[in-house]
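A quick write-up on the structure given underneath.
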Amino acid sequence: MLKINVGWSLLWGLPLSLVLNLGATASAATIRLNLLPLNGVEGNCPERLIAYQTPEPYFEGGYTINGMINLSEIATNITNSQSDAFSTTWVGTLKPEYQNCRASGGMSSLDEEVYQGHSYLRVQLVDGQVKVILDMTGMRDANGYTTVITYKGMRDGNPRWTWGGTD
């Protein structure tokens, strides 16, 4: 007589990527954006900004990643000022202590490891304003398509986004 453990037989029928994620909980990846002052310009600038990204649970055919940047610690009146099919830009007024800062930055580390990939998240501080740019230009997914921004908004005073692609 043949005994089949239905639980295990169902498990082996699942896609490998789903099996690997069954016990995993989605945790936010920490993105550090180091700010580099403009050459020859004096001003009080923050050293870095921190962003977070969390993958959504796997779904067949693609992936989705939610993100946010903690911009409210250095700026007020943050709004989504510009969007198109490839990018979105949030603009805010720098807090008084950073009003004279002239700097820019990009992704320098991901979970404390040096980040050397395409910096799709960039920051500019100039003329009393901060700009955060989420840019998918040149970001390709596994099938050679440009990744897509599916949400760009604000929550709790900070820029939020969702982007994804096909697998």
Side-chain angles (χ1 to χ4, degrees), residues 26-57 59 61-167:
S27 62
T30 301
I31 300 171
R32 180 176 168 160
L33 294 96
N34 285 346
L35 298 177
L36 308 170
L38 195 58
N39 190 12
V41 176
E42 296 291 322
N44 184 36
C45 295
E47 194 175 309
R48 72 185 65 87
L49 286 173
I50 302 294
Y52 302 94
Q53 289 194 151
T54 307
E56 287 286 322
F59 65 92
Y63 60 93
T64 303
I65 298 175
N66 297 315
M68 70 84 64
I69 187 165
N70 191 2
L71 200 54
S72 62
E73 70 180 26
I74 68 162
T76 60
N77 303 320
I78 304 162
T79 60
N80 188 318
S81 69
Q82 176 183 331
S83 289
D84 60 35
F86 301 100
S87 65
T88 190
T89 301
W90 292 270
V91 175
T93 302
L94 287 169
K95 289 184 177 179
E97 61 266 36
Y98 301 120
Q99 281 289 310
N100 295 323
C101 177
R102 294 176 56 88
S104 69
M107 297 168 61
S108 57
S109 70
L110 181 61
D111 283 341
E112 301 300 322
E113 300 219 3
V114 173
Y115 184 81
Q116 295 180 4
H118 173 74
S119 184
Y120 51 89
L121 192 57
R122 295 184 304 280
V123 181
Q124 299 173 358
L125 292 86
V126 67
D127 297 330
Q129 292 189 320
V130 60
K131 291 182 184 178
V132 172
I133 304 146
L134 176 65
D135 189 5
M136 297 290 111
T137 304
M139 271 295 272
R140 35 184 314 152
D141 66 17
N143 293 305
Y145 297 108
T146 300
T147 55
V148 177
I149 301 171
T150 57
Y151 173 76
K152 40 205 164 203
M154 297 284 297
R155 191 169 75 212
D156 300 326
N158 289 302
R160 304 282 177 148
W161 60 83
T162 301
W163 64 273
T166 64
D167 68 354

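Note that the structure is predicted; figures quoted are calculated from it, not measured.
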For the backbone of [Y] and the side chain of [X], can you confirm whether one donor and one acceptor N or O come within less than 3.5 Å of each other?
X	Y	answer
Asn70	Ile50	no
Asn44	Glu97	yes
Thr89	Ser81	no

Residue pairs, two or more places apart or on separate chains, that pass salt bridge (charged side-chain N to carboxylate O under 4.0 Å, His left out) and touch residues 106-128: Arg102-Asp127, Arg122-Asp135
Closest non-hydrogen atom pair, [X] against [Y]:
X	Y	answer
Trp90	Thr88	CH2-CG2, 3.4 Å
Ala51	Leu33	CB-CD1, 4.1 Å
Gly153	Asn80	N-ND2, 4.5 Å
Pro37	Ala103	CA-CB, 3.8 Å
Cys101	Leu94	O-CD1, 4.4 Å

Residue pairs involving residues 120-147 (criterion ring-ring contact (aromatic ring centres under 6.0 Å, His included); sequence neighbours excluded): Tyr120-Trp163
Whether over 12 other heavy atoms sit under 6.0 Å from Lys95 NZ: yes
Tyr63, OH atom: more than 12 neighbouring heavy atoms under 6.0 Å: yes
Find the distance between [atom1] ([X]) and [atom2] ([Y]) and round it off to the nearest 0.5 Å.
X	Y	atom1	atom2	value
Gln99	Gln129	CD	CD	9.0 Å
Gln124	Leu38	CD	CG	10.5 Å
Lys131	Gln82	NZ	CD	8.0 Å

Can you find a pair of side-chain heavy atoms, one from [X] and one from [Y], that are under 4.5 Å apart?
X	Y	result
Leu49	Glu73	yes
Met139	Phe86	no
Tyr115	Ile31	no
Cys45	Leu35	no
Thr147	Ile65	no
Met136	Ser87	no

Under 3.5 Å side-chain donor-acceptor pair for Asn158 and Ser72: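 Yes - a donor-acceptor pair under 3.5 Å links their side chains.
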